[in-house]
Enquirer: 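Supplied in structure tokens, the structure appears directly below.
Proteins come first, then strands; the chains are lettered A, B, ... in the order of their sequence lines, and each starts at number 1.
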There are 2 protein chains.
Amino acid sequence: MKIKDIASLTGLSVATISRVMNNHPNVSPETREKVETAIAETGYVPNFLGRNLRVSKTHKILIILPTAGNPFYSEILEAIQEQANHSEYTILIGVTNEDPTLENKYMEMLTTKQVDGAITFLSKYDKYALTQWASQYPLVQCCEYTEGAKITNISVDNEQGAYDAVSYLIRKGHTRIGAIRGQLYFASESDRTAGYKRALEQAGIKYRPEYCHIADYTPEGGYRGAKALMALEEPPTAIFGYGDTISIGVIKALSEMGKIKIGRTDGVRNVAVIGFDDIQLSGMLSPTLSTVYQPKYELGKKSFRLLMDQINKGSENKECYSIKLMHKLVIRESSEL
Amino acid sequence: MKIKDIASLTGLSVATISRVMNNHPNVSPETREKVETAIAETGYVPNFLGRNLRVSKTHKILIILPTAGNPFYSEILEAIQEQANHSEYTILIGVTNEDPTLENKYMEMLTTKQVDGAITFLSKYDKYALTQWASQYPLVQCCEYTEGAKITNISVDNEQGAYDAVSYLIRKGHTRIGAIRGQLYFASESDRTAGYKRALEQAGIKYRPEYCHIADYTPEGGYRGAKALMALEEPPTAIFGYGDTISIGVIKALSEMGKIKIGRTDGVRNVAVIGFDDIQLSGMLSPTLSTVYQPKYELGKKSFRLLMDQINKGSENKECYSIKLMHKLVIRESSEL
DNA sequence: AATGGGGTTGTAAACGATTACAATTCCATT
DNA sequence: AATGGAATTGTAATCGTTTACAACCCCATT
């Protein structure tokens, strides 16, 4: 069942059928009526392969994620989805697992016209390559940025967020503050490390490399990281996790070791924990997790909007925006016990 | 830059270029060489819109999810992604939020040839409509099934899983067992309820409707559900959550109310909690969550394989399979304190 | 009655690839 | 030298739409 069939069925031309399908104004009410009943009777739906080729649009956008498991991304994704549902766009998801081959494969979907644009959550691109991509295709970078690349990006101020978190711990009297960071893969990470160091420095605390542990952005990573930190000769009295998923594991490890206890009465001091992201789960842990809030809904919504602007604008006027949204330190129990 | 450009550049015909692109055997080594260098020099990549129309394939498959936030789905998705990465297929994700309009919109992507097949995680379809879809397009139903529909589906035995969990609680001496279920939307839910009832009945415990609370599949849902159950005149001594995300909230609520305490010494009996799914987080809670394990990796992998079989098989031989994978009761701390 | 113009419809050329089928070349065989 | 057949290449149709342009009809105006 194709447009031609409807044409012969109604005795009209394919052009007219097409006009009805696309709500073109110049169709007489009678023919429109006739065509619509024919469509309804036959259950005809247009083939997008033909349409897409003709108009050179796919109405699909690609979301490139480093990993599928992190709830932080899921929550942003949810916001993007919501926006997409209100538009005529469908989202496609590509997970790279930090495999450069896959990263390229997904970017190539732009050149091969499989998608109209992309939102990437990666940052370790070559800045020249990235600028090149961004100049040719609708593309926005979310939660990350690549130093020196000309591309629209949107994120929080990770340096300041980390600074705020660590400064808070210092104000609470901590001087031995551990950190559990990711695999050095993201710009957001370097920034958080910079903020961590700045806070220490400002308080006159010297930075100790052994306090900065490298792990996955997973509870398991945080769990192992915390165990390692606490095994040091002089273990930290507070641990800053670079993601809530990490801090979940930190809390688990500390609880297990008796370094965290709710309603403690034995006089021992609990190890303080602070995270980053503020995923939904954070309020549901015991103890609830203090963390740096990222406006995930806005990050997702705005990314989508920025991408749509680029898509609709066409190739002229290719200016790039670099947008910072506000983070917020959220104090719950884990830093207060 | 299109195939024609490469053709004129090399002085060959488009057919030959196409043959080189698709590794057809009948191309002389010299021309192949010549074409390949031309392609490399110009950076030509084929336009998939043209190709897709011609071969009537998109190399995309759609995953239809009820919600984006549940880590249970994320973990299955991860498995599907892994499979897809090894194939030439890309996955597209549609989240319905239980909006029937969206459900239809996504299913229509099959008829409009936007995707080659779909994996759906929904169950409340009209069985005739679903049979109709499944007979016309590659389609598999994952984690759910629709009674009476002819469609390939794969899931665990939810009835037996719930039965095992509740029976275990009964063996541990509990007789007042609460349940927190979802919004009556999934077949898996009805099945779990059936298993819950069967276990009670077999032990001679009468089913009390007020013990069966309805909530969202979220920590917040579980949190509120647990508070409601504990507010009953005769509160339950154990709570079975229909998903780990629910049970996370249950644990939170109970901890807050002092109904769960790790290393309790006051002689009070803790309320037991058990979940369903076994998401990665479950081992990272305090207390760790006892639950019914679902083989998420296999569910994802097998779904993808089953879909590929259908896609590759074409329209002939449309037989449906109904596959049950094994669940497993995983006992951790939350049921043992 | 001729003219002009708005509204409606049709004709046919795209879009960029793949692929039957036909045509050509090249060699070995007779 | 003529023939046949395999290997290679080219021609042109095709996939299902959209859309510029042409064509037509109908009616009001002159």
Enquirer: Please determine which of B:L139, B:L92, B:I93 meets the side-chain contact (heavy atoms from CB on, under 4.5 Å) test together with B:L62.
Expert: B:L92
Enquirer: Say whether A:K57 and A:Y89, considering side chains only, have a donor N or O and an acceptor N or O under 3.5 Å apart.
Expert: yes
Enquirer: May I have the distance from B:K4 (atom NZ) to D:dA12 (atom C1'), rounded to whole angstrom?
Expert: 12 Å
Enquirer: Which sits closer to the 5' end of DNA chain D, B:G11 or A:T16, going by the nucleotide each is nearest to?
Expert: B:G11
Enquirer: Please list, in numerical order, the residues of residues 28-37 of chain A that have a heavy atom closer than 4.0 Å to any atom of DNA chain C.
Expert: A:S28, A:T31
Enquirer: Grab the CD1-P distance between A:I6 and D:dT17 for me, whole Å please.
Expert: 9 Å
Enquirer: Specify the separation, in whole Å, of atom CZ of A:R19 and atom P of D:dC21.
Expert: 14 Å
Enquirer: What are the two closest heavy atoms between A:A38 and A:T10, and how far apart are they?
Expert: CB-CG2, 3.6 Å
Enquirer: Measuring from B:T16:OG1 to B:K34:NZ, what's the distance to the nearest 0.5 Å?
Expert: 9.5 Å
Enquirer: Using a 4.0 Å cut-off to any heavy atom of chain A, which nucleotides of DNA chain C are the first and last in contact, reading 5' to 3'?
Expert: C:dT8 to C:dG16
Enquirer: With nearest nucleotide decided by heavy atoms, which residue, A:P25 or A:A15, maps closer to the 5′ end of DNA chain C?
Expert: A:P25
Enquirer: For B:K124, does the NZ atom have more than 12 heavy-atom neighbours from other residues, nucleotides or ligands under 6.0 Å away?
Expert: yes
Enquirer: Closest-nucleotide mapping onto DNA chain D: is B:L12 or A:M21 further toward the 5' terminus? I mean the 5' end.
Expert: B:L12
Enquirer: Mind checking the CD-CD1 spacing from A:E144 to A:I151? Nearest 0.5 Å is all I need.
Expert: 11.5 Å
Enquirer: What pair of heavy atoms forms the shortest contact from B:S123 to B:F186, and how long is it?
Expert: OG-CA, 3.3 Å
Enquirer: Just wondering, more than 12 heavy atoms not from B:K105 lying within 6.0 Å of its NZ?
Expert: yes
Enquirer: Does A:Y128 offer a backbone N or O that forms a donor-acceptor pair with the side chain of A:D126 under 3.5 Å?
Expert: yes
Enquirer: List in numerical order all residues of residues 44-61 of chain A for which some heavy atom is under 4.0 Å away from an atom belonging to DNA chain C.
Expert: A:L53, A:R54
Enquirer: How long is the span from the CD atom in B:Q114 to the NE2 atom in A:H59, to the nearest 0.5 Å?
Expert: 9.0 Å
Enquirer: Are B:Q81 and A:N97 close enough that some pair of their side-chain heavy atoms sits under 4.5 Å apart?
Expert: no
